[in-house]
Amino acid sequence: KDKPTIYIRVGVKGAGCSGYQYLIEFEYNEPKENDFVITYPNFSILIDKKSAIYLNNSTLDYESSLMKSGFKFLNENEKAVCGCGKSVEF
């Protein structure tokens, strides 16, 4: 892209058969007024306040195996995960 990426937005959004899906995406705009900003040397993570409630005490991990690879949320706030593994219930 023509803009430098300096933010990564992490959160949850309403979607899927269990109600919510995790969100990880590049953010090209400045943080919003209601964002929590976690700053590292080369980038910052943005979390909106509503998502922060669901992500409190969560861990974002990366897994790599023969079957799949990618980021995985370890979240004690989850009540259920759908069969496809892409949707969660809080």
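The model shown is predicted, which means the values in this text are computed figures rather than measured ones. Sequential numbering from 1 along the given sequence is applied to the chain's residues.
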Minimal non-hydrogen separation, V12 against S51, with atom names: N-OG, 3.0 Å
Roughly how far, to the nearest 0.5 Å, is the OH atom of Y20 from the NZ atom of K79? 10.0 Å
Please give me the minimum heavy-atom distance between N75 and Y54, naming the atom from each residue. ND2-O, 2.9 Å
Applying the side-chain contact (heavy atoms from CB on, under 4.5 Å) test to F43, which of I8, I38, I6 qualifies? I8
Indicate yes or no: at least one non-hydrogen side-chain atom of Y22 is less than 4.5 angstrom from one of L55. yes
Is the shortest heavy-atom distance from the side chain of K68 to the side chain of E63 under 4.5 Å? yes
Kindly indicate whether the side chain of I45, heavy atoms from C-beta on, has any atom under 4.5 Å from the side chain of Y7. no
S87 and A15: which non-hydrogen atoms are nearest, and at how many Å? OG-O, 3.6 Å
Give me the atom names and distance for the closest heavy-atom approach of F90 to N77. CD2-O, 3.6 Å
Report yes if some heavy atom in the side chain of R9 is under 4.5 Å from a heavy atom in the side chain of D35; otherwise report no. yes
Treat each ILVMFWY residue as a node, draw an edge where side-chain heavy atoms are under 4.5 Å apart, and state whether I24 and V81 are in one component. yes
Counting neighbours of OH on Y40 that are heavy atoms of other residues, nucleotides or ligands and sit closer than 6.0 Å, is the number greater than 12? no
Is L23 reachable from L60 through a run of I, L, V, M, F, W or Y residues, each pair having side-chain heavy atoms under 4.5 Å apart? no
E27 and L46: which non-hydrogen atoms are nearest, and at how many Å? CG-CD1, 3.6 Å
Any link between L74 and V10 through a network of hydrophobic side chains (Ile, Leu, Val, Met, Phe, Trp, Tyr) touching at under 4.5 Å? no
Side chain to side chain, T59 and F73, heavy atoms closer than 4.5 Å: no
Side chain N56, main chain I53, donor-acceptor under 3.5 Å: no
Can you confirm if the NZ or CZ of K49 lies within 45° of the ring axis of F36 and under 6.0 Å from the centre of its six-membered ring? yes
Distance from E78 atom CD to S58 atom OG, nearest 0.5 Å? 7.5 Å
